[in-house]
A.B. asks: 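Structure provided below as structure tokens; questions to follow.
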Protein chains: 2
Amino acid sequence: MTRRRQQTRDRLMQAGFEVFVERGLSASIEEICERAGYTRGAFYSNFRTTEELFFGLYERLSTTALARAGEAVSDVLGSAGRPRRGGDVVGAAVEAFLSVAMSPDDRSWWLLSSEYALQAARDPQFAQRMSVLRKRIQAELDRFIVSALDRAGLAARVPPSTLSRALAAVHAGALAQSFEDPDGPGYQELLRLTVPFVVRGLTGPATRRTGA
Amino acid sequence: MTRRRQQTRDRLMQAGFEVFVERGLSASIEEICERAGYTRGAFYSNFRTTEELFFGLYERLSTTALARAGEAVSDVLGSAGRPRRGGDVVGAAVEAFLSVAMSPDDRSWWLLSSEYALQAARDPQFAQRMSVLRKRIQAELDRFIVSALDRAGLAARVPPSTLSRALAAVHAGALAQSFEDPDGPGYQELLRLTVPFVVRGLTGPATRRTGA
DNA sequence: CGTATCCGATACGGAAACGTATCGACCCGG
DNA sequence: CCGGGTCGATACGTTTCCGTATCGGATACG
């Protein structure tokens, strides 16, 4: 409510972000407070548990992701209209997809999203709360896929949501492996080795009707 | 050394496996001992820290995975020889790949491998110790890919190791997403939507020489 | 069957983190 | 400028977990 409170909340969340990245979800309340420059009193006045702060962070992150995806959609829609057949349509689509996807060098995001996945897998309540936000992003991503395909003159051979999940899975796998195996191919290369083929495999010319 | 000691080690590791799956790496020594039916004395007599047990589990798991991969290789090599062109060569290769990959419904493995990845990302020493074992599995997987391609009459357009990493990434992404988003397409479907296209995209007929 | 050794149980001290209850300072409105 | 309410700091007791040192019993072996 008050300005001061909002500021301490923000600082605690920022500190939580950093500490969670460094230490994982097992970070202690004291660590977070120390990082933020507060004492535990401030924490308990704003959050009940570390998990609560952790989930708050997810809300914040997913909100910004949603906004970014929304922008990407309008960008694509803005310059859409007439499909263009020539050129590396799929390559352009991949680039577009990358622009929506999380920044490839964002190690922090990968670490945290792994933590979120683990937490959700272990705590059904957490999973349910997360799923609400997930669905919103998922829907926005689907919209992006649809408009991007339209712009590229392509039609999906599977439901757009299925296509977007498949691409998201490939993206996540590439991101994970690029960190887990630093000697192997990097994130960019992995995507170049996979995404175009998946897109080509799951789409066809727009004129053809999807029926059957 | 003695039989009793080996048994308590085994039981502690099994308990550790279960507790790590349920609680994550932040599990306490006491939890593990309680689960195993021992007291902390037994633990300290066999391990120094929970991380040590955790890493020991990785050694054990990677060993069995290595053995399984080795079997798969000999299976494929055994019935190889003459490449067969007809039929769904790629589909068969995918099935073969799946037989090497981790069991799709093995939630425990996914949880633990995520924990391993996180731990390695945060602790360079842990990462280095893991990388030794990883490389062994990686090499076996590469051998599998090579022999499977040979058997299918296909030649990789990229280094086999690169191909295997790409497939591993897709596999990992599909596995993760199937757990993170239970409403979406499942593991099997995600792989069917992606792996064949990636394989086709990165391989060609064996007769053609790879040289540019 | 007896004995030396190994190994897991027990006991102890201490550190770290938790949650609460209370106090003092700051902030905002009148 | 001042008063009431909010908010974060402080202090306290409790719990949990840790690591070690020691003890008692099981085990392997002659």
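When reading the values below, keep in mind they use all heavy atoms of this one structure, side chains included, and skip hydrogens, waters and symmetry mates. The chains referred to below are lettered A, B, ... by the order of the sequence lines, with proteins before strands, and numbering in each begins at 1.
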A.B. asks: In whole Å, I'd like the distance from the CD1 atom of A:Ile29 to the P atom of D:dA9.
C.D. replies: 14 Å

A.B. asks: According to side-chain contact (heavy atoms from CB on, under 4.5 Å), who are the partners of B:Ser28, at least two apart in sequence or on a separate chain?
C.D. replies: B:Glu30, B:Glu31

A.B. asks: Reading DNA chain C in the 5' to 3' direction, which nucleotide is the first one with an atom under 4.0 Å from a heavy atom of chain A, and which is the last?
C.D. replies: C:dA17 to C:dC28

A.B. asks: Only counting residues at least two apart or in another chain, list the ones meeting side-chain contact (heavy atoms from CB on, under 4.5 Å) with B:Ala42.
C.D. replies: B:Tyr38

A.B. asks: Just so I know, are the side chains of B:Thr39 and B:Glu34 near enough to count as touching, which here means a heavy-atom distance under 4.5 Å?
C.D. replies: no

A.B. asks: Any donor and acceptor pair, going by atom type alone, linking the side chain of B:Arg122 with main-chain N or O of A:Val21 inside 3.5 Å?
C.D. replies: yes

A.B. asks: Would you say that B:Arg60 contacts B:Asp10 through its side chain, given a criterion of any heavy-atom pair below 4.5 Å between the two side chains?
C.D. replies: yes

A.B. asks: Carefully, step by step, assess B:Asp142 and B:Ser161 under the rule side-chain hydrogen bond (donor to acceptor under 3.5 Å, both in side chains).
C.D. replies: CA-CA 5 Å; B:Asp142 292 352; B:Ser161 66; 4.7 Å; no

A.B. asks: Show me the donor-acceptor pairs within less than 3.5 Å that the side chains of residues 51-58 of chain A make with the rest of the protein, sequence neighbours left out.
C.D. replies:
{"residue": "A:Glu51", "atom": "OE2", "partner": "A:Gln119", "partner atom": "NE2", "Å": "3.4"}

A.B. asks: Using side-chain contact (heavy atoms from CB on, under 4.5 Å) as the criterion, list what pairs up with A:Ser114, not counting sequence neighbours.
C.D. replies: A:Trp110, B:Leu118

A.B. asks: Heavy atoms, side chains only, cut-off 4.5 Å: are A:Arg9 and A:Phe47 in contact?
C.D. replies: yes

A.B. asks: What's the angle between the local helix axes at either end of the helix from C:dC1-D:dG30 to C:dG30-D:dC1, using five pairs per end and rounding to 10 degrees?
C.D. replies: 30°

A.B. asks: To the nearest angstrom, how far is A:Arg9 atom CZ from D:dC7 atom C1'?
C.D. replies: 13 Å

A.B. asks: The criterion is side chain to side chain donor-acceptor pair (under 3.5 Å); which residues satisfy it with B:Arg4, sequence neighbours excluded?
C.D. replies: none

A.B. asks: Measure the distance from CG on A:Leu12 to C1' on D:dA9 and round it to the nearest whole Å.
C.D. replies: 13 Å

A.B. asks: Heavy-atom contacts under 4.0 Å between residues 13-25 of chain A and DNA chain D, which residues?
C.D. replies: none

A.B. asks: With sequence neighbours left out, write down each residue that passes side chain to side chain donor-acceptor pair (under 3.5 Å) with B:Arg35, or none if nothing qualifies.
C.D. replies: B:Glu18, B:Glu22

A.B. asks: Please list each protein N or O that sits under 3.5 Å from an N or O in nucleotides 22-30 of chain D, with the distance.
C.D. replies:
none

A.B. asks: Does a side-chain heavy-atom distance below 4.5 Å link A:Leu167 with A:Leu163?
C.D. replies: yes

A.B. asks: Can you sort out the partners of B:Ser45 under side chain to side chain donor-acceptor pair (under 3.5 Å), two or more places apart, ordered by chain and number?
C.D. replies: B:Arg5

A.B. asks: Are A:Arg136 and A:Leu141 side-chain neighbours, meaning at least one heavy-atom pair lies under 4.5 Å?
C.D. replies: no

A.B. asks: Tell me, do B:Leu111 and B:Phe179 make a side-chain contact under 4.5 Å, heavy atoms counted?
C.D. replies: no

A.B. asks: Which parts of residues 33-53 of chain A get close to DNA chain D, meaning a heavy atom less than 4.0 angstrom away?
C.D. replies: A:Tyr38, A:Thr39, A:Gly41, A:Ala42, A:Ser45, A:Asn46

